[in-house]
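Take a look at the structure below.
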Amino acid sequence: MDESSGIIKEIKKKVQELRSRGFNLYPSGFRRDITVEEVLNRFGKMDNNALKEITDTFTLAGRVMSIRDFGKAVFIHIKDGTGKLQAYIRKDRVGDDDFAIFKFIDIGDHVGLTGQLFRTKTDELTILASSVVLLTKVQSPLPEKYHGLIDVETRYRQRYLDLIVNDNVRHTFILRSRIIQTIREFFDKENFIEVETPMMQSIPGGATARPFKTYHHTLGMDLYLRVAPELYLKRLVIGGLEKIYELNRNFRNEGISTNHNPEFTMLEFYVAYATYEDLMDLTEKLFLYLLKKLFGQLTIEYQGNTVNFTTPWPRISLMDALKDIGGIGENVLLDNKALIDLARSKGLEIQDNEGIGSVLARLFEHTVEPKLIQPTFVVDYPIEVSPLSRRKDENSEIAERFELFIAGKEIVNGFSELNDPDDQRERFLKQASLRDSGDEEALFMDEDYLRALEYGLPPTAGEGIGIDRLVMILTDSPSIRDVILFPQMRKK
RNA sequence: GGGCCGUUAGCUCAGUCCGGUAGAGCAGCGGACUUUUAAUCCGUUGGUCGCGCGUUCGAUUCGCGCACGGCCCA
């Protein structure tokens with residue numbers, strides 16, 4: 001314990017000194033009667049003459065963020081959950097004893113203050129303390145006030161420090177909360193109900209992704225953390241819950257990058273008696289609601305690009321996107337061997353038994369996706385990469401499916417649901433054979449889900465929205481770790 | 001999995017190319033100061049230079065390996 005650095009030793013010395021004087025460094029029961037934000041709202045525009053009329057005293061609490069010591073008087077800034085306010089503590093106001101104790105204060109300590117408001121010479125609204133109490137003593141120093149905390153590793157591992165020191169981080173997570181709240185509000189208004197389905201599943205399903213595996217001791221069975229709630233939500237539609245959504249965590253045992261965290265937040269929603277085209281309309285409506293409510297405008301800046309959400313958004317087929325945006329010639333698109341050669345020449349690893357639908361999808365990811373800055377729906381995905389989607393009536397190799405791209409990122413995946421149990425069984429079988437040949441992302445055969453489909457899933461459309469990526473775009477954050485409070489890190 | 005970069009005081013960073021056991025600012029500590037706000041002024045403490053091995057008389061510096069992190073690629 002005593003191997004701590006000099007600065008920590010100094011603080012611990014103060015702690016000992018104060019304790020030996022019988023001081024409680026962690027008292028309970030202090031109550032504030034106003035927050036910084038309320039002070040600023042009520043008195044932020046008053047000049048000193050107006051403030052003199054206010055004879056009330058106020059009691060605030062907050063963390064000490066800076067100290068300017070003048071001997072017999074001290075200026076500090078305190079910060080509470082709503083803002084920052086200066087306090088002026090004078091020996092002749094708080095008394096010799098309290099002032100002597102106050103001299104032990106460190107940056108980072110929580111204090112309670114009572115006093116009246118005034119403006120300083122430099123016109124800053126300030127509370128002139130008539131009493132000061134220590135509410136919580138820090139025993140570790142805060143990062144420096146001016147440069148803040150920059151080291152990204154420390155910011156993620158000790159997010160509390162990041163939040164204390166970096167106001168923009170705090171704003172990002174407050175905005176994240178408001179985004180999620182507004183999404184729920186939208187779906188409530190649209191008469192959806194929110195449901196919760198299992199995170200621990202005996203057969204993981206709903207997305208082609210490698211799952212995390214765990215074990216239930218009492219039941220004596222393997223369980224998987226869900227990669228998607230999809231198959232359970234469709235069971236509920238079968239059960240007659242016609243408009244539902246779930247907004248919660250998914251887990252995928254895959255790499256970590258600026259766009260991927262092993263656990264991430266997903267919104268999925270389902271509408272009975274609707275098609276994927278209806279969902280594209282609903283998605284536009286949702287985004288307009290979010291943008292207007294949160295920003296009061298339809299354009300935002302993301303990493304130097306202006307993104308304009310004005311509807312309608314273009315709807316372009318995957319093949320057209322490859323041709324017009326990816327710059328791939330029509331003759332190549334229609335020639336399987338040429339496509340595979342092209343993909344390999346771009347550095348993609350294509351297995352010999354890989355289907356052409358998969359090659360197309362991966363070429364799309366590589367050549368088109370990063371270029372889709374403005375909101376764009378891409379439609380008509382190959383059936384091969386859409387094992388839960390309904391086939392188009394006019395082309396059985398194409399799915400009634402869309403994805404939405406914004407700022408070069410896949411944000412949304414939606415489709416008309418496959419509700420033919422026989423077709424679904426065939427798709428599962430195809431996935432199972434992929435799994436047998438080593439594809440750990442392929443879907444598991446799910447007899448229980450097939451049984452549910454036998455009872456009749458009405459024509460239904462469903463959609464998933466990656467909430468973390470959406471929050472990235474709406475908060476202008478370059479990495480998913482900037483919008484997840486505690487991103488996954490290696491053990492140190 | 002591969003490539004590149006980083007890891008030095010509590011924080012933010014120099015120094016390392018060209019080897020001789022380290023500096024600054026802030027923070028801290030002591031002192032002065034009752035309207036400052038990156039307060040100011042005087043003085044001052046603080047380091048297993050990420051870890052290990054190697055080369056060398058001598059390694060924070062050079063080499064190799066490892067750990068953690070970042071960016072890019074797969």
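Letters A, B, ... are given to chains in the order of the sequence lines, protein chains preceding strands, and every chain is numbered from 1. Quick caveat, the model's predicted, so the values are computed rather than measured.
- Spacing of C1' atoms, B:C62 relative to B:C71, comes out at 26 Å, to the nearest Å.
- In this structure, A:Phe58 has its ring center under 6.0 Å from that of A:Phe43.
- At most 12 heavy atoms of other shown residues, nucleotides or ligands fall within 6.0 angstrom of atom NZ in A:Lys430.
- Base pairing of B:C13 is made with B:G23, judged by Watson-Crick or G-U wobble geometry with both donor-acceptor distances under 3.5 Å.
- The NZ-C1' distance, from A:Lys103 to B:G28, rounds to 15 Å in whole Å.
- Among the atoms of the strands shown, none is found under 4.0 Å from any heavy atom of A:Lys13.
- When the side-chain nitrogen and oxygen atoms of A:Lys9 are compared with OP1 and OP2 of B:G46, none of them lie within a distance under 4.0 Å.
- If you find the closest nucleotide of RNA chain B to A:Arg119 and to A:Pro143, the one lying nearer the 5' end belongs to A:Pro143.
- Ring-plane geometry between A:Phe70 and A:Phe75 is classed as perpendicular, the angle between the planes exceeding 60 degrees on a 0 to 90 degree scale with a lower cut at 30.
- The nucleotide B:C71 finds its pairing partner in B:G3, both defining distances of the Watson-Crick or G-U wobble pair being shorter than 3.5 Å.
- Rounded to whole Å, the distance from CG on A:Leu51 to P on B:U35 is 19 Å.
- Within a 6.0 Å sphere centred on CD of A:Glu330, other residues, nucleotides and ligands contribute 12 heavy atoms or fewer.
- Between B:C26, B:G28, B:U36, one nucleotide has an atom nearer to the side chain of A:Ile7 than all others, and that is B:G28.
- Taking atom C1' on both B:U48 and B:U44, the two are 24 Å apart, rounded to the nearest angstrom.
- Between the C1' atoms of B:C51 and B:G46, the separation comes to 23 Å (whole Å).
- Base pairing annotation: B:U61 forms no Watson-Crick or G-U wobble pair, as no partner gives both donor-acceptor distances under 3.5 Å.
- Nucleotide B:G46 has no partner under the Watson-Crick or G-U criteria, as no pair reaches both atom distances under 3.5 Å.
- Summarising the geometry, the separation between CD on A:Gln86 and C1' on B:U34 is reported as 13 Å, rounded to the nearest angstrom.
- Taking the six-membered ring for Trp and thresholds of 30 and 60 degrees, A:Trp313 and A:Phe309 have ring planes more than 60 degrees apart, a perpendicular arrangement.
- Residue A:Tyr88 has its side chain nearest to B:U34 when only B:U34, B:G10, B:C11 are considered.
- In a base pair of the Watson-Crick type (N1 to N3 plus N6-O4 or O6-N4) or a G-U wobble (N1-O2 and O6-N3), with each distance short of 3.5 Å, B:U56 is matched with no nucleotide.
- Atom CD1 in A:Ile11 sits roughly 14 Å away from atom C1' in B:U45 (whole-Å rounding).
- The phosphate of B:A39 has OP1 or OP2 within less than 4.0 Å of a side-chain N or O from A:Arg68.
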Per-nucleotide protein contact along nucleotides 67-74 of chain B, 5' to 3', at a 4.0 Å heavy-atom cut-off (B base, S sugar-phosphate only, - neither), is -SSSSS-S
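- Here A:Phe70 does not pack flat against the base of B:C33, since the 5.5 angstrom centre distance and 30 degree tilt limits are not both met.
- The nearest whole Å value for the distance from the CG atom in A:Asp106 to the C1' atom in B:C11 is 15 Å.
- Within the 6.0 Å centre-distance limit, the rings of A:Phe405 and A:Phe364 are counted as a close aromatic pair.
- Interatomic distance, A:Ile325 CD1 to A:Ile316 CD1, rounded to the nearest 0.5 Å: 4.0 Å.
- In this structure, the ring of A:Tyr224 has its center less than 6.0 angstrom from the ring center of A:Phe444.
- The CZ-P distance, from A:Phe118 to B:U34, rounds to 15 Å in whole Å.
- Atom P of B:G19 sits at a distance of 41 Å from the matching atom of B:C29, rounded to the whole Å.
- Here the separation of B:G30 from B:U35, taken at their P atoms, is 22 Å to the nearest Å.
- With RNA chain B read from its 5' end, the first of the two nearest nucleotides for A:Tyr146 and A:Leu149 is the one closest to A:Leu149.
- The pairing partner recorded for B:U40 is B:A32, the criterion being a Watson-Crick or G-U wobble arrangement whose two distances lie under 3.5 angstrom.
- Between B:C33 and B:G50, the distance separating the two C1' atoms is 43 Å to the nearest Å.
- Residues A:Arg401 and A:Ser386 have side chains that bring a donor and an acceptor to within less than 3.5 angstrom of each other.
- Here the separation of B:G63 from B:C4, taken at their P atoms, is 13 Å to the nearest Å.
- Between A:Ile8 atom CD1 and B:A9 atom P there is a gap of 13 Å when expressed in whole angstrom units.
- Contact check on A:Asp162 versus A:Arg159 returns a salt bridge, with a Lys/Arg side-chain nitrogen under 4.0 Å from an Asp/Glu carboxylate oxygen.
- Remark: P of B:C33 and CD1 of A:Ile67 are 18 Å apart, rounded to the nearest angstrom.
- Of the candidate nucleotides B:U34, B:A27, B:C29, B:U34 has the atom nearest to the side chain of A:Ala73.
- Here, B:G2 and B:G10 have their C1' atoms 37 Å apart, quoted to the whole Å.
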